[in-house]
Amino acid sequence: MSKVITLHEFIMDRQSDFPFATGELSRLLSDIAVASKIVSNDVRRAGLLENFLGAQGSTNIQGEEQQKLDVIADNQFINAFQTGGEVCGIASEENDDFMPFESQFSKNGKYVVLFDPLDGSSNIDVNVSIGTIFSIYHRKSEIGTSATLEDMLQPGDEQIAAGYVLYGSSTMLVYTTGKGVNGFTLDPSIGEFCLSHPDMKTPEMGRIYAMNEGNVNICDPGIKEYIEAKCQQILEGAERPYSGRYIGSLVADFHRNLIKGGIYIYPATTVDPEGKLRLLYECNPLAFIAEQAGGLASTGRERILSIKPERLHQRVPFFIGSKAMIEQAESFLK
Ligand code: AHM
Ligand code: MG
């Protein structure tokens with residue numbers, strides 16, 4: 001029987017990949033793992049707990065209705081970052097503005113974290129997979145001072161680490177620090193994330209496409225052409241067309257495609273002219289993971305990780321997945 005490697009052991013082993021590492025990033029990743037175990041527990045029991053399911057009765061800055069679990073998860077992660085000491089401020093999809101942590105303890109933190117505490121919230125009440133997405137940067141502002149907006153608005157290429165937690169049929173944490181992608185499955189019997197998917201690589205070409213096809217007539221006609229020509233035809237050498245698979249939960253759709261190969265598309269539409277997904281909390285972290293696994297992420301015209309963000313809640317059109325499929329889709333937009 002091979003030895004079980006826990007996330008904690010793995011993070012500690014990998015610390016030596018970074019010369020002069022002080023252990024703060026390792027502690028921050030461990031804090032995220034602990035918070036996500038608590039959120040996983042909440043998600044697993046939500047139907048049994050009072051005040052866990054349903055709408056909170058408030059909307060976030062993007063005008064979307066917040067679910068109770070969105071807010072519970074948001075508070076759980078903020079608490080982990082605020083008490084950990086490695087983070088000087090955060091920005092979350094659920095909060096209007098970024099949040100500098102004002103204690104001197106936190107002001108001495110080196111990092112900022114941008115995150116979506118619970119993505120796919122329309123799936124919460126119907127027991128379908130949801131996820132947490134996070135992105136970590138070195139601060140730009142001086143250590144010892146308050147975090148600034150400039151700390152938050154860094155291009156995705158500057159990410160130090162990024163990852164997601166998928167609350168699916170099992171709970172998984174997948175992350176990268178720019179040296180490949182590794183996945184860990186939560187073993188509920190011991191309460192530990194254990195290495196289950198070492199050095200994840202995504203197939204160069206897949207046979208799955210994921211898009212809310214209700215949008216196909218209100219987006220760039222090139223997307224409809226791509227789907228009709230490349231996904232819905234029996235192409236030479238194949239027995240059937242590609243499979244359409246859309247959960248409407250980005251982490252779950254992305255994770256499936258990462259493993260099996262595929263493309264995920266959320267385009268700009270006449271309803272959402274900039275796209276729906278948020279550059280800082282959703283697109284950048286997943287783009288970092290996709291590229292580290294050999295895939296690609298773009299707006300259809302521009303590489304996601306090269307974009308210089310202008311606003312905290314900026315949205316972008318999003319194409320992510322297997323390299324050959326993204327390139328093919330992009331060729332229909334030119
Ligand atoms: P959320 O952050 O409010 O949960 O919205 C993001 C979600 C993604 O998980 C998913 O891929 C997409 O929105 C689904 O949107 P739609 O229902 O328009 O297809
Ligand atoms: Mg989201």
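Counting starts at 1 for both ligands and their atoms, in listed order. What you see is a predicted model, and the numbers here were worked out from it, not measured in a lab.
- The shortest contact between atom 13 (O) of ligand 1 and any protein heavy atom is with Lys276 NZ, 2.9 Å.
- For the pair Val251 and ligand 1, the shortest N or O to N or O distance does not fall below 3.5 Å.
- Looking only at protein heavy atoms, the nearest one to atom 2 (O) of ligand 1 is Glu93 OE2, 2.8 Å.
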Where do Lys110 and Leu28 land on the side-chain contact (heavy atoms from CB on, under 4.5 Å) test, with the steps shown first?
CA-CA 10 Å; Lys110 275 207 270 200; Leu28 173 52; over 6 Å; no
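- Residue Leu250 touches ligand 1 through backbone and side chain together, judged by heavy-atom distances below 4.0 Å.
- Proximity of Tyr266 to ligand 1 is established by a heavy-atom distance of less than 4.0 Å.
- Residues Phe193 and His8 keep their aromatic ring centres 6.0 Å or farther apart.
- A salt bridge is defined here as a Lys NZ or Arg NE, NH1 or NH2 lying under 4.0 Å from an Asp or Glu carboxylate O, and Glu225 with Lys230 fails to meet this definition.
- For atom 14 (C) of ligand 1, the closest non-hydrogen atom of the protein is Tyr246 OH, 3.2 Å.
- The shortest N/O to N/O separation between Asp119 and ligand 1 falls below 3.5 Å.
- If you look at Glu93 and ask which of its N, O or S atoms sits nearest the Mg ion (ligand 2), the answer is OE1.
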Verify side chain to side chain donor-acceptor pair (under 3.5 Å) between Gln232 and Tyr209, making sure each step is shown before the conclusion.
CA-CA 10 Å; Gln232 298 179 333; Tyr209 71 102; 3.1 Å; yes
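- For a threshold of 3.5 Å applied to N or O pairs, the pair formed by Gly120 and ligand 1 contains at least one separation below that value.
- Atoms of ligand 1 lying under 4.0 Å from any heavy atom of Ser121, numbered from 1 in the order shown and given with element: 3 (O), 4 (O).
- Aromatic pair Phe115/Phe81: centroids less than 6.0 angstrom apart.
- Taking every heavy atom of Asn212 and a limit of under 4.0 angstrom, the matching atoms of ligand 1 come to 16 (P), 18 (O), 19 (O).
- Under the 4.0 Å criterion applied to side-chain N and carboxylate O atoms, Lys201 and Asp199 are assigned as salt-bridge partners.
- Nearest N/O/S atom of Asp119 relative to the Mg ion (ligand 2): this is OD1.
- Asp116 contributes OD2 as its N, O or S atom closest to the Mg ion (ligand 2).
- Counted by atom type alone, Thr299 and Arg301 present zero donor-acceptor pairs between their side chains at under 3.5 Å.
- The side chain of Tyr264, and not its backbone, has at least one atom closer than 4.0 Å to an atom of ligand 1 (non-hydrogen atoms only; side chain from C-beta on).
- By the 4.0 Å N-to-carboxylate-O rule, Lys107 lies close enough to Glu102 to be salt-bridged with it.
- Between Phe254 and Tyr164, the ring-plane angle classifies as perpendicular under the 30° and 60° cut-offs.
- Geometrically, ligand 1 and Glu282 share a nitrogen or oxygen pair separated by less than 3.5 Å.
- Among the atoms of Ser122, none of the N or O lies under 3.5 angstrom from an N or O of ligand 1.
- Comment: Glu9 engages Lys3 in a salt bridge, judged by a side-chain N to carboxylate O separation of less than 4.0 angstrom.
- Here Asp116 has side-chain heavy atoms under 4.0 Å from ligand 1, and that is the only part of it that gets that close.
- Shortest contact from atom 10 (C) of ligand 1 to any protein heavy atom: Gly248 O, 3.4 Å.
- The pair Glu274-Arg311 counts as a salt bridge, with a side-chain nitrogen and a carboxylate oxygen less than 4.0 angstrom apart.
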